[in-house]
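For reference, the structure is listed below as structure tokens.
Whatever order the structure lists them in is the order used to number ligands and atoms, beginning at 1.
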Amino acid sequence: MNVKVEKPHPLCGAIVTGIDLSQVPNEETVNTVEDLMAEHAVLCIRGSRATDEQHIAFSRAFGPLELPPDMKIKSGFKPRIGYGLYDASNLDIEGNIVIKDSPRHKYSKGNELFHADSTFNSLPTKWSLLLAHVVPPEGGDTQFIDTREVYDALPEEMKQKIDGLVAEHNIWHSRARGGFTTVTDEMKKAMPPARHPVVRESANGRKAIYLGAHAANIVGMDPEEGLALIDEINAFATQPHFIYAHKWQDGDLVIWDNRCTLHRATAFEDQKYKRDMRRTTINEYGPEIASTSLSS
Ligand code: OGA
Ligand code: MN
């Protein structure tokens, strides 16, 4: 293996070449990727050009899949791509561009708020692996933040204040802020909030902030006060100097550790250009189940 690593930003991420996704990774590859992830937390494997099957096989070498929710009956979502993949594109089942302000379009807008994936469920989340099949000629960067850098930069007083706090993460909180308001009681019941510590230890032992857009309140705190604290830390975390904006090339596979990073989608001309992005999300351990019981 001839792996080359380049740092695109001083505080976040690495771009690598020399990792082959056409084979199920052997022990050496698994260890190399685990070590690179523990150090950099966001890793772009340039030119992977994996198929859906290779993408899934590669992901499973690092942990069981978190299956995407199957919402097709309830809200018009239908899978366009392979089983186990989240569709992060702006395309419908036929591959046509999703119309502006349709429910699916509004739902996706929530991705433009800094978040970590699936913090609203209680499964033991690990990484997301997003593969670019088609990228628009401009715009549509994904922005990343390493929240270990954020934790280190917090004032000592704030570190003490948040030590031991637990936040409640709720998908419907971030979707509402993103403009998606057509939530039914059934959807709420199927995806209830989950609790997680505000500060957690990352794979290399460094402490990381674990909040983002799904964090809705702090357990045991007045709801408004808790949300104000969450918003304050999220605002601190998303200062421009922390942000690495990944410019996608076709075939890039970007892996991020959801336990110590935040990310968000950014705008592009989504009524003009196709952007076909497919994602796996893996957990630390099994079973391979969806985060919600909302299914056909
Ligand atoms: C995701 C996500 C961002 C993007 O798939 O989890 O947030 O730029 N995607 O598509
Ligand atoms: Mn996401």
Side-chain angles (χ1 to χ4, degrees), residues 8 12-13 41-44 48 50 52 55-56 59 65-69 71 77 79-82 84-91 97-98 104-121 123 125-147 169-175 177-180 191 194 210-215 234 237-238 243-270 273-283 290-292:
C12 184
V42 177
L43 193 69
C44 169
S48 82
D52 286 353
H55 184 177
I56 285 171
S59 305
L65 299 181
E66 178 205 303
L67 300 177
M71 293 188 175
F77 288 54
R80 178 179 58 88
I81 55 182
L85 290 163
Y86 285 79
D87 190 348
S89 75
N90 64 332
L91 306 173
I97 286 178
V98 168
R104 161 91 187 271
H105 190 266
K106 283 191 179 158
Y107 192 89
S108 309
K109 279 283 159 194
N111 278 345
E112 293 184 18
L113 302 168
F114 271 109
H115 63 282
D117 293 330
S118 300
T119 62
F120 47 80
N121 73 50
L123 295 171
T125 193
K126 187 175 175 181
W127 302 343
S128 287
L129 304 90
L130 184 64
L131 203 150
H133 288 255
V134 176
V135 297
E138 55 193 352
D141 298 352
T142 306
Q143 297 183 342
F144 293 97
I145 291 165
D146 185 328
T147 64
H169 294 245
N170 189 335
I171 177 84
W172 307 118
H173 172 69
S174 55
R175 294 301 123 170
R177 281 193 169 175
F180 179 83
M191 297 178 84
Y210 194 62
L211 287 172
H214 306 311
N234 279 338
T238 55
I243 300 175
Y244 161 54
H246 183 71
K247 298 206 176 305
W248 290 92
Q249 296 181 11
D250 287 354
D252 278 356
L253 177 73
V254 177
I255 313 173
W256 60 86
D257 189 330
N258 283 305
R259 302 163 298 187
C260 63
T261 60
L262 294 173
H263 65 278
R264 72 168 169 191
T266 64
F268 66 103
E269 285 191 69
D270 66 4
Y273 299 117
K274 292 186 176 184
R275 182 173 185 267
D276 186 353
M277 313 290 285
R278 306 177 191 185
R279 191 185 99 214
T280 53
T281 292
I282 57 167
N283 284 313
S291 58
T292 168

Using the ring of each side chain (for Trp, its six-membered ring), is [X] parallel, tilted or perpendicular to [Y], with breaks at 30° and 60°?
| X | Y | answer |
| --- | --- | --- |
| Trp172 | Phe180 | parallel |
| His214 | Phe120 | perpendicular |
| His169 | Tyr210 | tilted |

Suppose we measure from [atom] to each protein heavy atom; which comes out shortest, and what is that distance?
| atom | value |
| --- | --- |
| atom 3 (C) of ligand 1 | Ala265 CB, 3.7 Å |
| atom 9 (N) of ligand 1 | Leu130 CD2, 4.0 Å |
| atom 1 (C) of ligand 1 | Arg279 NH1, 3.3 Å |
| atom 10 (O) of ligand 1 | Arg275 NH1, 2.9 Å |

Test side-chain hydrogen bond (donor to acceptor under 3.5 Å, both in side chains), reference His246, set Asp141, Asp252, Thr266, output is Asp252

Which atoms of ligand 1 are found less than 4.0 Å from any heavy atom of [X]?
| X | answer |
| --- | --- |
| Ala88 | 5 (O) |
| Asp117 | 6 (O) |
| His115 | 7 (O) |

Notebook entry, point to check: Is it true that the side chains of Glu66 and Tyr86 contain a donor and an acceptor less than 3.5 Å apart?
Noted result: yes

Using distance alone, decide if ligand 1 has a nitrogen or oxygen within less than 3.5 Å of any nitrogen or oxygen in Trp248. no

By side-chain contact (heavy atoms from CB on, under 4.5 Å), Ser108 pairs with (sequence neighbours left out) Arg104

task = Take Ser128 and Asn258 through the side chain to side chain donor-acceptor pair (under 3.5 Å) test and state the conclusion after the steps.
result = CA-CA 7 Å; Ser128 287; Asn258 283 305; 3.0 Å; yes

**Prompt:** Does the distance from a Lys or Arg side-chain N to an Asp or Glu carboxylate O, for Asp270 and Arg275, drop under 4.0 Å?
**Reply:** no

Check this for me, if you would: do Arg259 and Asp257 make a salt bridge, where the nitrogen-to-carboxylate-oxygen distance has to be below 4.0 angstrom?
yes

Listed as residue and atom, the protein N/O/S atoms under 2.8 Å from the Mn ion (ligand 2) are His115 NE2, Asp117 OD1, His263 NE2

Checking heavy-atom distances from atom 8 (O) of ligand 1 to each of Thr142, Leu262, Asn90, Val135, the winner is Thr142

- Task: Output yes when a side-chain donor or acceptor of Arg278 lies under 3.5 Å from a complementary backbone atom of Leu131, and no otherwise.
- Result: no

